[in-house]
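Take a look at the structure set out below.
Residues take their numbers from the sequence shown, with the count starting at 1. On a predicted model such as this, the values are computed, not experimentally measured, just so you know.
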Amino acid sequence: MTAGSDSVLELLPMVFAAPNDALAGAEQVLGTGAPPLHASVAHQVIGIWQRDFGDLRIALHHLRRARDLAARAESAEREADVLGTLGVALVHAGRTRQGLAAFERGVLRGTGHTRARVLYRRAYVWWVLGHHREALEDVRRAIPVLRQADDVIWTARALTLRATVHLALGAVERADADFTAAEALWDTTGQEHDKADAVESRGLAAFRSGDVPAALRLLDEAAERYAKLGTPSFMLNIRRCEVLMAAGLAPEALAEADAAIAVLDGIGGQSTRKAELLLAAARAARLAGDAHTAIARAALAVRLFAAQRRTWWETHARLVLIEARTAAGRSSGRLVADAAAVADRLASFGAPAAPEASLLAGRIALRLGWRTDAERHLAVAARSRHSGPPLARMTGWAAQALRARTAGSGRGVLEACRRGLDVLDDHRMTLGASELRARATEQGAELAALAQQASLSGGGPRRLLMWSERWRATVLSTPPTRPPADPALLSCLTAHREIAARAEAARMEGRPVPALEREQRRLEREIRSRTLHMRGDAPGDGHQFDVGRLLERLDGTQLVELAVLDGRVHVLLCGRGRVRRFEAGLLAEAEVEAEHVQAALRRLAHPGAEGRLPVVEAAGRRLEELLLGPAAAQLGPGPVVVVPPGRLHRVPWALLPSLRERVLSVSPSASSWLRARETEPPPGGRHVLVRGPGLATGGAEVPDVADRYGRPTVLEHDEARVPRVLAELDGAALAHIAAHGTFRADSPLFSSLRMADGPLIVHDFERLDRSPYRIILSSCDTARLASVGADELLGLVTALLPLGTAGVVASSAPVNDAAVVPLMGALHKALSAGVSLAEALRDARASVPGDAVHQATGWAFTAFGAA
């Protein structure tokens with residue numbers, strides 16, 4: 001590019017419209033022996049490209065060269081413009097004093113339009129440094145001049161920056177107005193990088209207003225735009241980390257931050273962005289329970305921010321450092337003082353995180369027994385409970401609950417916990433994905449625990465039952481949002497099924513599958529991403545758990561709800577018109593015992609392990625002592641419903657001696673059992689039997705079961721394909737699926753049943769209008785679930801329960817395929833006589849041979865729900 005001055009100047013806006021083309025054009029200019037003025041522009045373009053997308057050291061070299069050439073050309077305006085660009089690069093390199101000096105000279109050298117651009121850049125740097133008031137002042141001075149010059153691009157940039165600063169100060173409405181105005185301007189330009197930045201900014205605004213699904217969708221769209229341009233955006237990584245943490249996906253946020261740091265280090269990128277990524281990683285590590293990683297990342301971030309003279313950022317990093325040290329078990333007067341100082345500093349900045357720091361100071365003071373100091377700090381934190389985004393209000397209600405507990409007011413604790421959980425309920429219902437709803441409950445775990453403790457000490461068993469139910473299995477309270485109109489999601493599900501089937505076939509033939517596995521993982525990321533974008537469309541039924549209604553509906557059945565307080569299991573025995581409480585063992589010991597039992601059941605699924613049977617039976621007795629304690633002797637003769645906490649979902653309850661010969665069912669909550677109890681079967685009474693491929697017995701129980709029901713729909717061979725299976729399952733009265741089950745601990749909503757055309761996954765089930773009233777899953781591991789959030793479970797069974805299924809039979813362990821056949825035959829024989837799933841399973845266990853393999857197979861299956 002060797003034409004006139006105007007042609008060379010066009011390279012500057014090109015950096016954010018077509019970055020790589022601009023870089024090539026600038027290098028071409030320098031290769032032609034351009035005059036100083038043109039060479040100055042070319043060096044500035046290369047400097048901007050390297051500053052934002054490459055090596056900061058190379059950027060500084062080119063920008064200094066551009067400054068010197070502008071001076072040689074005796075162009076004050078050109079020199080001022082380059083000084084503005086150089087000032088940004090110096091600050092990003094951590095040379096804050098030199099950067100601000102460059103801006104000072106740039107403002108003095110430039111006039112009018114050029115000075116306005118320098119002021120905009122300095123405003124951006126003030127924002128990077130955390131000096132928000134100074135940023136607003138400079139951008140206030142720049143915008144009228146840019147508008148008067150009809151400079152659309154720079155006006156849009158200035159409006160976007162002002163909106164971002166407003167967000168940092170918590171002024172969401174002002175930010176929305178500026179983002180809207182900027183977006184209208186961007187639509188008139190070809191600035192593709194700036195447009196991507198605008199989408200990213202809208203994602204940040206959506207997040208600040210509490211709309212997590214919209215934030216994830218917009219940030220993913222921005223990432224796609226940046227990818228097309230071939231330009232990395234570390235600010236996008238930082239913002240995605242923030243949203244992922246708010247969505248309860250802290251491990252993913254930590255992985256993203258660490259990966260971005262590695263890329264940044266590899267290209268010699270901006271020191272300022274590295275510090276911000278370290279802060280994001282520290283926050284994510286703390287939320288993920290990795291206090292030591294959080295301490296290391298936060299300490300390094302503090303040092304970098306201090307060296308960069310970024311006090312606002314340094315103060316936020318110090319807050320995370322104190323939180324991580326507290327999580328690691330440290331408590332001291334020094335930590336109280338440090339947290340209080342951070343709170344004061346954050347408040348002086350107008351930072352939304354100030355109440356969080358005051359709450360932290362109050363918590364540490366309580367640990368030390370400093371009640372007066374704790375009250376002072378908690379009172380400050382509690383002011384945030386009436387305004388602001390949901391998580392800030394929850395911080396306030398948590399502080400208020402701790403104040404009430406310190407004052408000895410159980411009633412005050414319960415009121416604060418109720419109000420705080422109501423806020424979180426409203427927030428959860430904006431989330432369409434069941435995974436996000438489940439993970440969001442973690443944010444209410446402390447409030448739920450405080451309420452349970454207050455109920456235990458002063459409210460009696462009924463109140464403890466109410467609070468145990470208040471925050472248990474909340475994801476099952478409403479169906480997940482279904483996206484039938486999303487063709488891209490349906491396309492991804494179909495492609496995923498095809499790739500998974502091809503990979504499975506290749507494995508069976510001994511062929512390598514790494515390429516297929518990579519594509520399968522890519523499709524899973526796409527499916528999950530699109531699912532997380534869904535916004536909740538169910539306002540919640542406002543139903544309050546009614547103990548009296550539960551006791552009426554039990555009608556001779558005993559419901560055993562297990563609550564865990566301070567690590568100990570408390571048994572709430574509900575029935576015969578009353579609720580009684582018993583203390584049992586330690587949860588940690590019960591979890592260990594349950595894992596031992598699961599390992600033993602896996603061995604018993606194969607012949608030759610008969611010697612393990614007495615060991616398993618002895619473990620069942622120990623589990624009963626740990627989980628039921630003295631309540632076991634009070635169960636009476638009737639049916640029993642067990643409502644365990646999420647961490648005990650793998651217990652084979654039929655193995656416990658007092659439950660072994662009973663009509664026994666399991667439910668995630670008493671509320672969900674009530675809903676199942678009151679669910680009416682669909683009209684028509686359709687029966688659907690599905691036989692998947694590759695079973696050792698060929699699904700031998702299916703023909704026998706089919707004969708028992710007259711003319712059921714039987715899907716096998718090529719007819720057992722996912723679209724057909726889903727169509728037949730929708731609204732069926734009874735479904736029996738004999739198919740290989742795979743549980744995905746890493747991603748439970750991709751747990752699957754193997755059909756003729758590939759896996760039928762949980763995401764597929766969630767598209768049903770109404771899942772079968774009763775469903776029997778006769779293969780291995782179909783009842784395995786992942787415990788997430790406060791007390792939530794994700795997996796096949798919990799996907800079915802909110803969709804209209806009132807009863808499920810499934811296994812929580814590997815089972816012997818041959819032993820399943822007689823068990824299922826006996827189960828359906830009893831069902832056809834008109835009994836419930838729980839009764840039929842009890843009778844089936846009693847009717848099969850008494851050898852170890854058949855006994856273990858019976859214990860591995862559980863009846864869920866009330867049908």
Check [X] against [Y] and note the closest heavy-atom contact, atom names and distance.
X	Y	result
R393	S387	CG-O, 3.2 Å
P355	A381	O-CB, 3.4 Å
L264	R273	CD2-C, 4.0 Å
R530	A488	CZ-CB, 3.4 Å
A275	L304	CB-CB, 3.8 Å
M394	G444	CE-CA, 4.0 Å

Are [X] and [Y] close enough for a salt bridge, meaning some N to O gap below 4.0 Å?
X	Y	value
R310	E276	yes
E526	R522	no
D187	K195	no
R157	D197	no
R217	D220	no

Side-chain heavy atoms of [X] within contact of [Y], under 4.5 Å:
X	Y	answer
F179	T164	yes
L219	V199	no
W126	L100	yes
D151	I153	yes
L360	L319	yes
R147	P144	no
W154	R121	yes
L493	I527	yes

Between [X] and [Y], is there a donor-acceptor pair closer than 3.5 Å when you use the side chain of the first and the backbone of the second?
X	Y	result
D265	A262	no
E192	L229	no
H427	V423	no
R115	G110	yes
E314	A301	no
T315	T311	yes

Rounded distance (nearest 0.5 Å) linking atom [atom1] of [X] with atom [atom2] of [Y]:
X	Y	atom1	atom2	answer
R202	D176	CZ	CG	10.5 Å
M245	R283	CE	CZ	6.0 Å
L60	L86	CG	CG	6.5 Å
T160	E183	OG1	CD	9.0 Å
L424	R419	CG	CZ	14.5 Å
L56	K274	CG	NZ	12.5 Å

Residues [X] and [Y]: side-chain donor-acceptor under 3.5 angstrom:
X	Y	answer
D55	Q50	no
T272	Q308	no
D81	T114	no
H496	E524	yes

Candidates D21, V45, L23 - the one meeting side chain to side chain contact (heavy atoms under 4.5 Å, CB included) with M14: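 For M14, the side chain to side chain contact (heavy atoms under 4.5 Å, CB included) check succeeds only for D21.
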Heavy atoms of other groups near R528 CZ, more than 12 under 6.0 Å: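 Correct, the count exceeds 12.
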R208: side-chain contact (heavy atoms from CB on, under 4.5 Å) partners, not counting sequence neighbours: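 Applying side-chain contact (heavy atoms from CB on, under 4.5 Å) to R208 gives L167, V172, L204, E242.
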Steps toward salt bridge (charged side-chain N to carboxylate O under 4.0 Å, His left out) verdict (R225, E221): CA-CA 6 Å; R225 289 171 177 256; E221 180 187 336; 3.2 Å; yes
CA sep, side-chain torsions, deciding dist, call: R318, E323, side-chain contact (heavy atoms from CB on, under 4.5 Å): CA-CA 9 Å; R318 288 191 183 280; E323 287 175 331; over 6 Å; no
With W313, the ring pair (Phe, Tyr, Trp, His ring centres under 6.0 Å) member among F305, F349, W127: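 Exactly one option meets the ring pair (Phe, Tyr, Trp, His ring centres under 6.0 Å) with W313, and it is F305.
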H193 and Y226 aromatic ring geometry - parallel, tilted or perpendicular at 30°/60° bounds: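 Because their plane-to-plane angle lies in the 30° to 60° range, the rings of Y226 and H193 count as tilted.
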Centroid-centroid under 6.0 Å between W312 and H132 rings: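 Yes - the distance between ring centres of W312 and H132 falls below the 6.0 Å cut-off.
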Check: H92 ring centroid to Y124 ring centroid under 6.0 Å: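 They qualify: ring centres under 6.0 Å apart.
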Which residues share a ring-ring contact (aromatic ring centres under 6.0 Å, His included) with W186, sequence neighbours left out: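 W186 satisfies ring-ring contact (aromatic ring centres under 6.0 Å, His included) with no other residue.
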Verdict with reasoning, L12 to I48, per side-chain contact (heavy atoms from CB on, under 4.5 Å): CA-CA 9 Å; L12 283 168; I48 293 171; 4.1 Å; yes
Intermediate values then yes/no, side-chain contact (heavy atoms from CB on, under 4.5 Å), L249 and L532: CA-CA 11 Å; L249 302 171; L532 298 184; 4.1 Å; yes
Derivation and outcome, side chain to side chain donor-acceptor pair (under 3.5 Å), residues T85 and Q44: CA-CA 8 Å; T85 304; Q44 185 181 7; 2.9 Å; yes
Candidate pair S271 and R95, rule side-chain contact (heavy atoms from CB on, under 4.5 Å), full reasoning: CA-CA 9 Å; S271 170; R95 303 175 189 180; over 6 Å; no
